[in-house]
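First comes the structure, then the notes that go with it.
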Amino acid sequence: MNRINKKLKENKKLLSIYFTAGYPNLEDTTTIIQNLEQSGVDMIEVGLPFSDPLADGPTIQASSTQALKNGMTTNLLFEQLKEIRNTVNIPLLIMGYFNPILQYGVEDFCKKCNEVGIDGLIIPDLPVDVYNEQYKATFEKHGLINVFLITPQTSLERINFIDSISNGFIYMVSSASVTGSQSGFGKEQTNYFKRIADMNLNNPQIVGFGISNNETFKQATQHTKGAIIGSAFIKHLSNEGVNRIDSFVKSIRL
Amino acid sequence: MNRINKKLKENKKLLSIYFTAGYPNLEDTTTIIQNLEQSGVDMIEVGLPFSDPLADGPTIQASSTQALKNGMTTNLLFEQLKEIRNTVNIPLLIMGYFNPILQYGVEDFCKKCNEVGIDGLIIPDLPVDVYNEQYKATFEKHGLINVFLITPQTSLERINFIDSISNGFIYMVSSASVTGSQSGFGKEQTNYFKRIADMNLNNPQIVGFGISNNETFKQATQHTKGAIIGSAFIKHLSNEGVNRIDSFVKSIRL
Amino acid sequence: MSYNVNKKGYYGEFGGAYIPEMLYPNVEELRQNYLKIMAEPEFQKEFNQLLKDYVGRPSPLYFAKRLSEKYNTKIYLKREDLNHTGAHKINNTIGQILMAKRLGKTRIIAETGAGQHGVATATVCALMGLECIVYMGEIDIARQAPNVARMKMLGAKVIPALSGSKTLKDATNEAIRDWINNPVDTHYIIGSVVGPHPYPDMVARFQSVVSEEIQWQLKEHESKTKPDYVIACVGGGSNAAGAYYHFLDDEDVKLIAVEAAGKGINSGESAATSVLGKEGIIHGSKTLLMQTNDGQITEPYSISAGLDYPGIGPMHAHLYKSGRAEFISITDDEAMIAGLELCKLEGIIPAIESAHALAIFEQKVFNPNDVIVLCLSGRGDKDLNTYINYFKL
Amino acid sequence: MSYNVNKKGYYGEFGGAYIPEMLYPNVEELRQNYLKIMAEPEFQKEFNQLLKDYVGRPSPLYFAKRLSEKYNTKIYLKREDLNHTGAHKINNTIGQILMAKRLGKTRIIAETGAGQHGVATATVCALMGLECIVYMGEIDIARQAPNVARMKMLGAKVIPALSGSKTLKDATNEAIRDWINNPVDTHYIIGSVVGPHPYPDMVARFQSVVSEEIQWQLKEHESKTKPDYVIACVGGGSNAAGAYYHFLDDEDVKLIAVEAAGKGINSGESAATSVLGKEGIIHGSKTLLMQTNDGQITEPYSISAGLDYPGIGPMHAHLYKSGRAEFISITDDEAMIAGLELCKLEGIIPAIESAHALAIFEQKVFNPNDVIVLCLSGRGDKDLNTYINYFKL
Ligand SMILES: Cc1ncc(COP(=O)(O)O)c(C=O)c1O
Ligand SMILES: Cc1ncc(COP(=O)(O)O)c(C=O)c1O
């Protein structure tokens, strides 16, 4: 069973953390992953940096730009992750835009992910139907879970369809927005979380976008399986580098 | 008999000088006139300054602008000329653009000219036919000679017409140009002077535009009755004020 | 009463050709030939073809919905701003360059205020491969920099006029001086309905395409060929002359001429000739002009370079004196606000000249059923700096 | 082989809608409605009326006599420079603003490179009274200052894009981010035939009026409806798409696409996508784009802001790959010289984008009887500073 599915079965609210590979320093990848696991994080999204991250806000954009400047490449990331499964057990996903994956070759990319022990992918600009028609078989062949996003604007019908082709979790974007652009959740979001929960989907939902502290984590996970933190953690890395990762994580889950 | 006609009968080449009234200083008018006569000049054109002297080159333009700044007005000029005939005998003409004369009132202007002893007018932008139809009678009633211009481009027919309505002299523009823009005469001009001389017009011709020294004066008067100096004299006034006018004049006629 | 020119070149008591003898052969050559040449089928064909394919005529007659709503009347904009080079001026320069070629001229001179006429002249000279010299007041060179750059791109030589107020009047003086100095090979393309006869009439005829089009365009929109009002700004008066032309003798069509009041009629800094001017002679024409009691021409002022002229064409002097047209003066401030309003309501940035015409809707109330045609003489690209600085955008 | 879009939004293998889920509802809403809305008679009427009365269409098809003589062939210029706001871009923004209104949107965003699309968007937003936000690369803001001023006059908010190469690509990213953040009330008016399906097709259809007119205009001039060649510059490819549209499936008509080679194809400072690009995804579309081996999008370079884009629209990728169109690259220097040449020969100052298309006459020899239509996509007023500095005029 895929590590993601196993993790989702645990009877707890999951905390997942996103970071951009190659940031703040080129060689920080494994250190960050290890520290995150040791701090009690449940799942990690390793960001493959992209020159034009159009679904991301300024914080993640800037980290991507810096990571590329530092020299991060797809090959290097796989190199860095080669031995990761010697030390790390929690699920690891790669989150990245479609073009670098396409240039690498989708099949090669999936194969390589499998080899280094990546469990799933989140590719915001790979549309559901293109995935379904062209890539689903490849992903599955290499044991990869592909994670789709839904937003408050996603129709019921489409949510059901996405649920039907998902085999891990659904990435629930807290509000229509790029990453890092929210502060705190209002009634609207809570209703949305509840509305989706009431759908009783096959796949559990994990909330992303706008989670930055204990309060928002609790709000986000009240009706869902877990939450993903991105920009807030990138900010921590900008300020403190790879230090005190555990205190950041503890501040979220208390 | 009008002083101009009398002068034209003298058996010599006439030297006529133009200056702008009110330049270089507001009160220089009578001094300049008196000095010019004493230096042996035959005729004087007193320039009534105009804001927009479009037939004049930069030298005369600048003198007009300065004269107006100094405070010259049509009334003031007549005031300055009031007693001029007590001391000056040579013919005096006023040279000016039509608009100030129009504003003064053409009839009033002519009357006033007559009172102070002005013998003729040169109004470059008063067209021959307008003069002929509307103002000839008035000018003649007040004993004023109106002087017309011809240029190398003026047709034979038109020269004959101008000759027919003139009763003094014809102002022969040396070449098609604004004042002050020539230096020396070439073959073209000499041919033109000769061509006009050969027409045996009723009115003698006096050449203007481009005469600045003894050489050009001699060239200009070889086939004509005389010549008018403007810009060259204005330049003398800018450099030396009302001083050494006689040496300027002597340098022309030697 | 006729409002058009008579055989002798006069509109009522205004007009004529008060020029130095040095200009006589040129002006006379033009006078004797202009109507003949304009009537030639070959000329008409070439002129109309260029207006269509090169200038982009017909210029639209655009119903300005939001502007009309705001002022509760029916406002049509005659879009001369859409012409090649951005103003009505090119209608005239196309005509005159064809005229100049038929007269055998090889060198073209022009004066310009806003630079639109200079650009339009430089443009047609490039098109015909003729040398082009443009005189422009030093102040106008500074405030209409984009047009100076365009003239240079087009290969014209721009010579600054340094005398007087260093604006349009002085540039015109310099152009006339140039023409005096170059009497054989040179044609002077005057940019408005000013100057000695036959210029006012010739320019008005070239611009008359504006009202010719208004007639059939209005028919399409309103099922009638005549508007209740025609409104235009007046610098020298060429866009107004063009917009009025075919309505001159039809007194059902009310004509409104808008002049620049500058900082206010009585501020001493104004260009409102009809209010402040008297009869006199300027640039070879008997007309109304701003002048001292002594007949010295006054230095005018307007924020708009194209209206910064102390005279108006003789046609307009006659329209004013006879009462045929209503004259209204608009201050700098009123014009700027009206210009910005058109941007915001209709997405059209007008030349500041044209903005003067637009400002009359704040001054004069029209009926809801009035059909008004306003000549939008030019676009405001040349004026961006002035707008931006004025509104501190 | 068809060169038009298929039902799934692809041109051959290019196109599609590679967008984040956050954009799905908006793009899907558009996809489901755009053809239906465009087919509505009311829509057609309003669109065509505005193109005629507001934009000034038809834009002339002008036979460039002196240019033709110089290159010994028959060159017609399709005068999109004469449109209101000065380029072809407004054909599309008029269409999209009408679309946005019918979709009930109240807030409009756009990206812009040269500023022409930004101005065209700000213009139609003013016309319709809608809020307008334009994203523009910081470098483009500096080099196309007049257009920034125009957008401000028109009431648009111009937001600088500070990431990446600070040009069109980055402005597009910012606009997409804005749309993600404002999924309900906002319509994103893309300015070229790029972006996710249905944008390339929708924009091409709005621009297709260009070739529709060419057909009947050419008939008037040459008694035939199809030229031998159609030439256009390609930034994203919208003016080219419009000029090609009705000739796409008629292989008698040869299509030439002109790209910006910048300082030279191999200089590292170029925007010649067809030569330097590979298949990939940019701004929601599978197409050709300039990228590293790793799939990072390259920062392009061209002296011309409107061509300074690392991709081309999927239609053009297909035209290139299938050989239907010939692609030619033109350097900065070649373009600048061709731009000045048009000024001097025809009195038309072209946008530097369009000057790239003009430069091909120095590269490729045509037959004397070839009938060539070149899309003069815009006027050069926005580029005056660049020209003046380049030529030290
Ligand atoms: C756009 C525009 N409108 C109006 C004028 C004023 O000239 P006229 O009164 O001859 O139309 C000018 C003069 O430059 C101009 O550029
Ligand atoms: C005048 C002009 N031409 C061409 C372009 C390039 O765009 P496209 O390839 O979409 O026509 C632009 C873009 O701004 C432009 O302003």
Side-chain angles (χ1 to χ4, degrees), chain C residues 49-50 52-66 76-77 79 81-86 90 119-120 122-129 145-150 152-155 217 221 339-340 342-349 379-385 387-388 391 393, chain D residues 49-50 52-66 76-77 79 81-86 90 119-120 122-129 145-150 152-155 217 221 339-340 342-349 379-385 387-388 391 393:
Chain C
Q49 185 87 27
L50 284 172
K52 176 165 170 281
D53 293 344
Y54 186 70
V55 174
R57 303 206 70 90
S59 71
L61 186 68
Y62 166 67
F63 177 65
K65 190 154 158 276
R66 304 214 311 142
Y76 287 87
L77 302 178
R79 299 288 305 276
D81 63 309
L82 291 181
N83 292 344
H84 182 46
T85 70
I90 195 157
V119 169
T123 294
V124 297
C125 288
L127 183 64
M128 299 294 167
N147 277 344
V148 176
R150 293 165 84 198
K152 287 184 184 165
M153 284 291 294
L154 294 161
Q217 288 174 322
H221 286 283
L340 190 63
L342 193 72
C343 297
K344 297 290 168 64
L345 288 181
E346 299 288 350
I348 300 170
I349 307 173
R379 67 183 185 226
D381 294 50
K382 67 189 181 61
D383 296 315
L384 287 174
N385 274 341
Y387 275 124
I388 296 282
F391 290 111
L393 289 177
Chain D
Q49 184 88 27
L50 283 172
K52 175 164 171 281
D53 293 345
Y54 185 69
V55 175
R57 302 206 71 90
S59 71
L61 185 69
Y62 166 66
F63 177 65
K65 190 155 158 275
R66 304 215 310 142
Y76 286 88
L77 302 178
R79 299 289 304 277
D81 63 309
L82 291 181
N83 292 345
H84 181 46
T85 70
I90 196 158
V119 169
T123 295
V124 296
C125 288
L127 183 63
M128 299 294 168
N147 277 344
V148 177
R150 292 164 86 197
K152 287 185 183 164
M153 284 291 294
L154 293 161
Q217 288 173 323
H221 286 282
L340 191 63
L342 193 72
C343 297
K344 297 290 168 64
L345 287 181
E346 298 288 350
I348 299 171
I349 306 174
R379 66 182 186 228
D381 293 50
K382 67 187 181 60
D383 297 314
L384 288 172
N385 274 341
Y387 276 124
I388 295 282
F391 290 111
L393 289 177

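Since we're looking at a predicted model, the values are computed, not measured.
The greatest number of non-hydrogen atom pairs below 4.5 Å with chain D, out of C/Pro58, C/Gly129, C/Cys125, C/Ala122, is found for C/Gly129. Counting heavy-atom pairs under 4.5 Å between each of C/Leu127, C/Thr123, C/Ile388, C/Leu50 and chain D puts C/Leu127 at the top. Per-residue heavy-atom pair counts under 4.5 Å with chain D were compared for C/Lys344, C/Lys152, C/Arg57, and the maximum is reached by C/Lys344.
Proximity to chain D (any heavy atom under 4.5 Å) is shown, for C/Ile348, by both the backbone and the side chain. Only the backbone of C/Val55 has a heavy atom closer than 4.5 Å to any heavy atom of chain D. Of the atoms belonging to C/Asn83, it is backbone heavy atoms, and not side-chain ones, that fall under 4.5 Å from chain D. The part of D/Leu61 that comes within reach of chain C is its backbone (N, CA, C, O), which places non-hydrogen atoms under 4.5 angstrom from that chain. Contact of D/Gln217 with chain C is not made at all, since no heavy-atom distance falls under 4.5 Å.
Residues D/Met128 and C/Arg66 form no side-chain contact, since every pair of their non-hydrogen atoms from C-beta on lies 4.5 Å or further apart.
By the side-chain hydrogen bond (donor to acceptor under 3.5 Å, both in side chains) test, D/Asp383 is found to be paired with D/Gln144, residues two or more places apart in sequence or in another chain being considered.
In this structure a side-chain-to-backbone donor-acceptor pair under 3.5 Å is missing from D/Tyr54 to C/Pro60. Using modelled atom types, no side-chain atom of C/His84 and backbone atom of D/Arg79 make a donor-acceptor pair closer than 3.5 Å.
Residues C/Leu154 and D/Cys343 come closest through the heavy atom pair CD2-O, 3.8 Å. Closest of all the heavy-atom pairs between D/Leu384 and C/Met153 is CD2-CG, 4.1 Å.
Taking OH of D/Tyr62 as the start and NZ of C/Lys52 as the end, the distance is 13.0 Å to the nearest 0.5 Å.
Here D/Asp381 pairs with C/Arg379 in a salt bridge; the nearest charged N to carboxylate O distance falls below 4.0 Å.
Under a cutoff of 6.0 Å and an axis angle of 45°, C/Arg150 and D/Tyr387 do not form a cation-pi pair.
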